[in-house]
Structures are given as C-alpha cells and as structure tokens.
There are 2 protein chains.
Amino acid sequence: MFQSKFFSSKNLLDWNIEYNLGLQNRLLKKDELLLEAGQRCDYFYFVLKGFLRVYYLDIDGNEITHWFSPKDTTITSPFSYFNKEENILFIQALEETDVLLISSDQLNTVIENVPSANKEARKLLAEFAMTFSRRVMEIHTKTAESRYLKLMAEHSTIFQKAKLSHIASFLGITQQSLSRIRKNI
Amino acid sequence: MFQSKFFSSKNLLDWNIEYNLGLQNRLLKKDELLLEAGQRCDYFYFVLKGFLRVYYLDIDGNEITHWFSPKDTTITSPFSYFNKEENILFIQALEETDVLLISSDQLNTVIENVPSANKEARKLLAEFAMTFSRRVMEIHTKTAESRYLKLMAEHSTIFQKAKLSHIASFLGITQQSLSRIRKNI
DNA sequence: ATCGTTTTTTACCATAGGGTAAATATTTCA
DNA sequence: TGAAATATTTACCCTATGGTAAAAAACGAT
C-alpha cells in the first residue's frame, strides 16, 4: 500500500533503459507465493499488476495478515531487506500478479543517478513508518468495528480480493468476530 | 528509542561547528512539554540528556503513551515534520532533559555535506518503520502480559522513569489491568 | 447443473481486559 | 514530619473477543 508518484512503473521502466539496470519481473498465479519465511528477501517488489498479501505465522501456525499490496505499490520484507535478519514474512498473490524485482544494487544505481531519488526514498520510508505508527494508535484507541469500517471506506479494493479471514487477522481479530461485527452493521 | 551510531551527540556537535549549523538546544524541567498537540513540529530532537515520553489524547481525553525516548535517541512528530499535518503528539520530559533541535534545513545541510548521511538517514527511517511494524505484530500475537515482560527485559530504564499508567497505555491496556498482570508475576 | 471443497456464519460457553469506585501506598512539599 | 496530592492496587461486575464445533452459503471443477 505504499504508493509514490516518484517510484512509479513508468519511472522504473524508464530508468531501467536509461541506466541499464536489467530489472527482472516475475509472474505469479493466484495463491502463488512470491516469498516464504526462511528465504532471504533481496528485493524491493513493485506490483505492476495484481494484488499481494503479506502474512506471517503465529506460534500456533495461524496466518496473520500484516499488509496488503495492490497494483502500483511497493513491498518488501523489511527485516530481511534492511537488516539482513531471518525473513519471517510470506508474500502471496491473491490473483494473477506481475511484480518488478528491484535489488539493492539496482536501487542504489537509481539513487546515485536520479537527483531527487534520495529524498523520495526517504519519503517512502517515512510513509511506511507513519502508516504503522498510525496503526498502533488505531489499535489502541478504536474498536475492531470502527477499524473495520475505516478499512472498508479507505481500501475497498481489499474486500474484492481478500478473504474475510485475511481481513480479520489484519484487524487483529478472529474470523468469527469479524463475522459478528458485520452482522451488526 | 531510535538510536544511531551515526546521528550521535558527538557527530551532531562536530557537524554543528564544521558546517556552521547553528544548532540550538532546549532545557526542560521534569514534566515540562517540549511539544503540544496543535503546535507545528519543525524539528528533529536529539536527547542529549534526560528522558522523554510521547503521548496523544484519545477521544475521551485519556493520555495514550506512544513512545519513549531516552538519552542518545532521536524523536520527532513524524506526521507534522514529514507531512506537515496537524500535530497531535505531546512530547513531555519525565525528568530534567536537554534536547538538541535540528531543523529540516540543518538536517539537509548535514545530508548534503556528509557522504554517508543519506544512507544513514534512510537507515534510521527504516528502523523507525520496522519498530512500529513489529509492534503491530506483537499486539496481534502476544498477550499484554508477555508484551509487558518483553518491555521489562529490553527497556528496563523505562520502569525507572515512567509511571505505570504511562506504561499501561503504551501496552494498550488500562492501569488496572497492568496492576493485575504485575500481581500475577 | 451438480458434487465436493472452501468460505462464511452462527451458536455455545470461556476469558482477558474494561469501567467504576474505593482502599492503600507513595511522593511532594510546606 | 505530617498533611495533601498523586500513584498504585484491589474488588466488583461487565463486555468484547476467543475457541470449538457445526450449519449454511458460496465457489469451482467436471
């Protein structure tokens, strides 16, 4: 869900030619995994087409949705990409999806060559940070019901692509609780 | 709690002289506010000495602690600083505190002059993002009790400086619940 | 269209944590 | 050092959400 006018498919594909980046892309079928826990994540992914879900497993093996990434957004496993920690995130395509793979080296080439790339990269990271910062606030001040309604209002596409169980764990509740909440609306 | 070897008091004070930044600092008494909701936040703060708490008010006017910022860490109101949105955060000194004020312009001067500053700034932002990303995960997978124990283990200084009510709202529970949890340990 | 699979809803009781209020304990400072 | 203010704990009952299980609905492949 991190969208940036600067890191757009148009710009990325232009830079790919101009700086000879050699960007690759990857096609995913519905339900196919782009990344699995345990694998290293050496790429930033840009979603050219389709829809991704990021999840991890809790101690009982339940899938907890951490994030959704629609068309024209970027996604990665930050713990693995930035910190070289063991990756715990799964990234799954919820429909036929096409992603652009951008390695650290390729990103650095862009940053070294494109004047405003540095600032824009910081902006994207700040956006990432504020989104999760805000999410902690919402968890601490709003009921599951109002978080559900807000998600509906702001990201209605999610409801077309994801299962309710995906959305429930994203909201931090069980599928049954979400079902109950929906009934009361 | 965002600490960086690069953005250290030594480096900041060296750069202050080298690039003639004109950095100012501000001394705060115990309980004094460095920032209030509604005020613009034009600075990154570096805590030279002391201990800060970041909080906001929920709809009923309760203070919800969002973050703690001990000595040698940086803090700001990201919504206001990065996005120029209306600031909703209060930053309060929990003891006598001395902070260094770093404006956007001053930070840009550092970034333009110090070769690795760009990368380090991105690193700090990534750290910020991952911390809150991880916090959402913990809220979704761990009980209040285990989050409390983790905080105790990893940030024991907080327990010397902050009130239990501050810690309770940081964990997303009431003071009474925290008290109950402590009793069971 | 139909059978089998998957997803969603419903129903039941259990539990963590909330809200209010009062009782202690601790701190502050005259 | 003692009174007042502040912080913490305790106790009560209440509510939102969890866990298990089963029913109902929707989806998908033949």
Side-chain angles (χ1 to χ4, degrees), chain A residues 29-33 51 53 55 57-65 68 92-96 135-152 156 158-185, chain B residues 29-33 51 53 55 57-65 68 92-96 135-152 156 158-185:
Chain A
K29 296 195 209 85
K30 186 173 189 303
D31 294 330
E32 199 179 338
L33 292 173
F51 199 92
R53 173 175 77 109
Y55 68 89
L57 302 178
D58 72 10
I59 205 163
D60 299 317
N62 303 307
E63 294 182 359
I64 314 288
T65 302
F68 294 102
Q92 179 190 41
L94 295 187
E95 60 183 30
E96 261 195 34
R135 212 164 137 203
V136 170
M137 289 181 172
E138 280 165 12
I139 294 169
H140 283 172
T141 55
K142 295 184 177 173
T143 62
E145 177 169 329
S146 82
R147 279 180 278 136
Y148 169 78
L149 290 170
K150 184 164 183 261
L151 191 66
M152 280 268 276
S156 58
I158 292 175
F159 293 82
Q160 292 149 28
K161 322 249 174 175
K163 291 176 198 159
L164 287 176
S165 60
H166 299 157
I167 294 169
S169 69
F170 177 81
L171 294 171
I173 56 177
T174 58
Q175 196 179 347
Q176 294 89 318
S177 292
L178 179 56
S179 193
R180 190 165 29 202
I181 286 167
R182 283 158 58 85
K183 196 176 146 193
N184 294 338
I185 296 175
Chain B
K29 296 197 209 85
K30 187 174 188 304
D31 295 329
E32 199 180 340
L33 292 174
F51 198 91
R53 174 175 77 110
Y55 68 89
L57 303 178
D58 72 10
I59 204 163
D60 300 318
N62 303 308
E63 294 183 1
I64 313 288
T65 302
F68 294 103
Q92 179 191 41
L94 295 187
E95 61 182 31
E96 260 194 35
R135 211 163 138 204
V136 170
M137 288 182 173
E138 279 164 14
I139 293 169
H140 283 172
T141 56
K142 295 184 176 172
T143 61
E145 176 170 331
S146 82
R147 278 180 279 135
Y148 170 78
L149 291 170
K150 185 165 183 259
L151 191 67
M152 281 269 276
S156 58
I158 292 176
F159 293 82
Q160 292 149 28
K161 322 248 174 176
K163 291 176 196 158
L164 287 177
S165 60
H166 299 157
I167 294 169
S169 69
F170 177 81
L171 294 171
I173 57 177
T174 59
Q175 197 178 344
Q176 294 89 318
S177 291
L178 179 56
S179 194
R180 189 165 30 201
I181 285 167
R182 282 158 59 85
K183 196 177 148 194
N184 293 338
I185 295 177

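Within every chain, numbering begins at 1; the chains are lettered A, B, ... in the order of the sequence lines, protein sequences first and strands thereafter.
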Nearest whole angstrom, please: distance from the P of D:dG19 to the CD1 of A:I173.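 Rounded to the whole Å, the gap is 12 Å.
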In whole angstrom, give the distance that lies between atom CD of A:E95 and atom C1' of D:dG28. 18 Å
In whole angstrom, give the distance that lies between atom CG of A:D31 and atom C1' of D:dC27.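 Atom CG in A:D31 sits about 13 Å away from atom C1' in D:dC27.
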From CD1 of A:I139 across to P of D:dA16 the rounded distance in Å is 19 Å
Specify the separation, in whole Å, of atom CG of A:L171 and atom C1' of D:dA16.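 It works out to 14 Å between those atoms.
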Between C:dT7, D:dG18, C:dT8, which one does the side chain of A:S165 approach most closely?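 Nearest to the side chain of A:S165 among the choices is C:dT8.
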Any salt bridge between A:E63 and A:R53, counting N to O under 4.0 Å?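 Counted as a salt bridge, because a side-chain N and a carboxylate O are separated by less than 4.0 Å.
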Strand contacts (DNA chain C) in residues 175-185 of chain B, 4.0 angstrom heavy-atom criterion: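 The answer is B:Q176, B:S177, B:R180.
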Under 30°, 30 to 60°, or over 60°: which ring-plane class applies to A:F68 and A:F170, parallel, tilted or perpendicular?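 If you compare the ring of A:F68 with that of A:F170, the planes turn out tilted.
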By nearest-nucleotide position on DNA chain C, the 5'-leaning member of B:T143 and A:K163 is A:K163
Establish, from distance only, whether the side-chain atoms of B:S177 and B:R180 form a donor-acceptor pair under 3.5 Å.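 A pair is found: one side chain offers a donor N or O, the other an acceptor, under 3.5 Å apart.
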On the nucleotide C:dG18, are OP1 or OP2 found under 4.0 Å from the side-chain N or O atoms that B:T174 carries? yes
A:E138 bridged to A:K150 by N-O distance under 4.0 Å: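 Looking at A:K150 together with A:E138, the answer is yes, because their closest N to O distance falls below 4.0 Å.
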Between B:L164 (CG) and C:dA25 (P), how many Å, whole number? 16 Å
Gap between atoms CD and C1', on A:Q160 and D:dA26 respectively (whole Å): 17 Å
Return yes if some donor-acceptor pair links the side-chain N/O of B:D60 with the main-chain N/O of B:N62 below 3.5 Å, else return no. no
Measuring only between side-chain heavy atoms, which start at C-beta, is A:L164 closer than 4.5 Å to A:R182?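 SC-SC contact between A:L164 and A:R182 confirmed.
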In this structure, how many angstroms lie between the P atom of D:dA16 and the NZ atom of A:K142, rounded?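 Spelled out: NZ on A:K142 to P on D:dA16 is 18 Å.
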Could you tell me if the side chain of B:I59 sits less than 4.5 Å from the side chain of A:T141, heavy atoms only? no
